[in-house]
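So the structure is just underneath, and the comments pick up after that.
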Protein chains: 2
Amino acid sequence: MASATIRDVARQADVSVASVSRALNGHSNVHPETRARVVEAAKALGYVPHAGARSLSLARNHAIGVVLPDLHGEFFSEIVRGIDRETTARGYHLLLSNMHADAELAAQAMRSMRGRVDGLIVMAPQLDPAALNEALPKGTPAVLVNTSDGGERQAMRVDNRAGMETIVRHLLFTGRRSLVHIAGPAGNIDARERREAFTATLAEHAPNVPVRIVEGNFREEAGARATAALLDAGEPVDAIVAANDMMALGAMNALKDAGVVVPGEVAVTGFDDIPLARYMGLTTVQVRSADLGARAVARLIGALEGARDAGVEFVTPELIVRSTSDRQSAA
Amino acid sequence: MASATIRDVARQADVSVASVSRALNGHSNVHPETRARVVEAAKALGYVPHAGARSLSLARNHAIGVVLPDLHGEFFSEIVRGIDRETTARGYHLLLSNMHADAELAAQAMRSMRGRVDGLIVMAPQLDPAALNEALPKGTPAVLVNTSDGGERQAMRVDNRAGMETIVRHLLFTGRRSLVHIAGPAGNIDARERREAFTATLAEHAPNVPVRIVEGNFREEAGARATAALLDAGEPVDAIVAANDMMALGAMNALKDAGVVVPGEVAVTGFDDIPLARYMGLTTVQVRSADLGARAVARLIGALEGARDAGVEFVTPELIVRSTSDRQSAA
DNA sequence: CGGGTCCGTGTAACCGGTTACCTACCTTGT
DNA sequence: ACAAGGTAGGTAACCGGTTACACGGACCCG
């Protein structure tokens, strides 16, 4: 019942295990006839090499691990899609580890991958650099994605400042003067940078527009709640600048419920360009998330195979104007 | 530089490797003081057990593999999300293997997981049972999801007939009389069942309504193209019954482009209830995809841990009426 | 014809854990 | 005082591969 091992094949083909290994791995110093006998024996027994044993002796897994906080939400799904695409293309396996709220759990997850993977891709936007460096296994190469980096490590980051600046300037250019930013969760690096860029861009390009920010957490309900609260308070608003697309969608729902016309009375913008955004006509900045993931894999595997390559690589998002903000009516 | 091994820990604590193993795995016959010395030594060296070596000697990986045809599309994303949730909750690891168009590649992928995983979850709706049984590794337990099964295997299936029947009856009940089905790709088991159920339901409940079917492939563009072609041909249509949500969305776009009012002139329905469907107000049947994946994992791990459990388990989808079909105006 | 090469193959050590089995010692009962 | 039983811990085999090294035979050369 148990699967055939290399020794079974050796016995069947009447050679040693060494020859079987050499024959099946395409080494050159095997007599053609011997190789044929081995191949035939392997086929007859339905032999499949045991990847675990192979990894142990080669000290190489041909697998990479992905640690991420939450598979929920299209943003992470997209990144994982890109990671998967590139991993498969390069003949590696992908080990997924998900939902690690706090640093201790994340460390746990990363440790449990030792001996299973050759390298890690870590997404932990909510972890501070110290905790992260503590948690990262010493011997394992890692690429950080959207994560405050400890400096020297390989990392991929979204240029949040550039993205937010294009959004705010677009809104100002189309005549909006009462902008409100719905921020992401405190402690999240992307949220923090977007928030700072919102403030900075207004200060630079429209010093007379007040900086108004309400708190959110990247989830749809938060966008809806924050927007409803704004409307209830009767505050003047002509543009809602959400820190991500999901909150922007929540905002759109709240505005619709309140009978506010988008984009006529209020413009809405998001961040990320998740697939949903296209369907909902949401103006946003496009972060090519799948490419971000794919690029992280490419760099990681490059490093595994000996490339010298460190430091942060930024991807610059691009403004996508859709129907939740009008393109005309400059100030 | 290389990570510490159990022998390093043994030397450091001045005991044998057996005691280290016993101490760290919580066996009972270890003197408390010895255990303390071992734990301290392990911490001092930053020792992390090598999962690969552990798996080899235990013949147990605590990991399951997922083979699926295409991570693209929200339907599969949802299933993977559910799989991941349950896998993590039970303390297992998840190995992902994606995009296997033909039987040979799929077999390849499954083979390459031997020695890495304890069991498999296989989604291959496009494979015929013979090829599948050929490809499935002999020794490895597997749960099939939305896949023509070879009979005795564990499997999860969507009750496509029941789902399609509720949709067609809903449309008939709300007065539609010119239904067109946009079918999924030939060879896909779900597509075939939905198509057959469309035909059967009309034959049973509205024998005078002609059965009209156009070909599609589950992709958005196919839905759009098929719909545009129907409109161009000037055929009478008051309901488009797509075989999945993505094609329904394509149909909606084509209708909008043509200035046809939904649901006033034409109703549109989908199948799956992907997250997008809620945003787009699409009437569909809800397949709790995430739960489907989670349930598959639960059964697989159950079987790994000795449970006797075989055969097909169906999940019954539920009709969700939204704004692309009206709920009033019975015939 | 002896010595050096090259080729094909087998033997056994090794990767890093787990654990069956054995030993040494310490109790405990009679 | 001694046999029996229990406890703690060491030795080495094993999981299933890979590969350094050794070895024997064929071939070539001077």
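Please read these numbers as outputs of a predicted model, since none were measured by experiment. By convention in this document, chain letters (A, B, ...) are assigned in the order of the sequence lines, proteins followed by strands, and residues within each chain are numbered from 1.
The CD1-P distance, from A/I6 to D/dT19, rounds to 11 Å in whole Å. Summarising the geometry, the separation between CG on B/L45 and P on C/dG16 is reported as 14 Å, rounded to the nearest angstrom. Atom-to-atom, CG of A/L56 to C1' of D/dG16 comes out at 9 Å; the value is rounded to the nearest Å. In this structure, B/H62 places its NE2 atom 14 Å from C1' of C/dT18, rounding to the nearest Å. In this entry the distance linking CZ of B/R60 with C1' of D/dG16 reads 18 Å, nearest Å. Between the P atom of D/dA26 and the NE2 atom of A/H31 lies a distance of 13 Å, rounded to the nearest Å. Rounded to a whole Å, the NE2 atom of A/H27 is 16 Å from the C1' atom of C/dC7. In this structure, A/R11 places its CZ atom 12 Å from P of D/dG17, rounding to the nearest Å.
Residue contacts for A/A59: at a heavy-atom cut-off of 4.0 Å it reaches no nucleic acid atom on any strand shown. Using a 4.0 Å heavy-atom criterion, one finds that B/S21 contacts the bases of the nucleic acid, with or without backbone contacts as well.
The base of D/dG17 lies close enough to the side chain of A/R7 for a donor and an acceptor atom to sit less than 3.5 Å apart. Evaluation of atom-type donor-acceptor distances gives a pair under 3.5 Å for the side chain of A/R22 against the base of C/dG10.
Under a cut-off of 6.0 angstrom, the local environment of CG in A/D309 is crowded, with over 12 non-hydrogen atoms contributed by other residues, nucleotides or ligands.
Across the interface with DNA chain D, nearest-nucleotide mapping of B/V15 and A/A18 shows B/V15 to be the residue nearer the 5′ end.
When the side-chain nitrogen and oxygen atoms of B/S55 are compared with OP1 and OP2 of D/dC15, none of them lie within a distance under 4.0 Å. The phosphate of C/dC15 has neither OP1 nor OP2 within less than 4.0 Å of any side-chain N or O from A/S57. Between A/T34 and C/dG8, a side-chain N or O to OP1/OP2 separation shorter than 4.0 Å is absent. B/N29 has no side-chain polar atom (N or O) that falls below the 4.0 Å cut-off from OP1 or OP2 of D/dG9. Residue B/S16 places no side-chain N or O under 4.0 Å from the OP1 or OP2 atom of D/dG9. Not one side-chain nitrogen or oxygen of A/T5 sits closer than 4.0 Å to the OP1 or OP2 atom of D/dC15. For B/R35 and D/dG9, the shortest distance from a side-chain N or O to OP1 or OP2 is not below 4.0 Å.
Using a 4.0 Å cut-off between charged side-chain N and carboxylate O, B/D291 and B/R85 make a salt bridge. Of the charged side-chain nitrogens involved, at least one lies within less than 4.0 Å of a carboxylate oxygen, so that A/R157 and A/E193 count as a salt-bridged pair. Between B/E104 and B/R111, at least one side-chain N (NZ, or NE/NH1/NH2) sits under 4.0 Å from a carboxylate O, which counts as a salt bridge.
Relative to the side chain of B/V17, the nucleotides D/dC15, D/dA12, C/dA12 differ in distance, and D/dA12 lies closest. Here C/dG17 is the nucleotide among C/dG17, D/dG16, D/dT11 with the atom lying nearest to any side-chain atom of B/A53. Listed candidates were D/dT19, D/dG16, C/dT18. Nearest to the side chain of A/L58 is D/dT19.
When every heavy atom of B/L292 is checked against every heavy atom of B/V158, the shortest pair comes out as CD2-CG2, 4.2 Å. Closest approach of A/G139 and A/P141 over heavy atoms only: O-CD, 3.6 Å.
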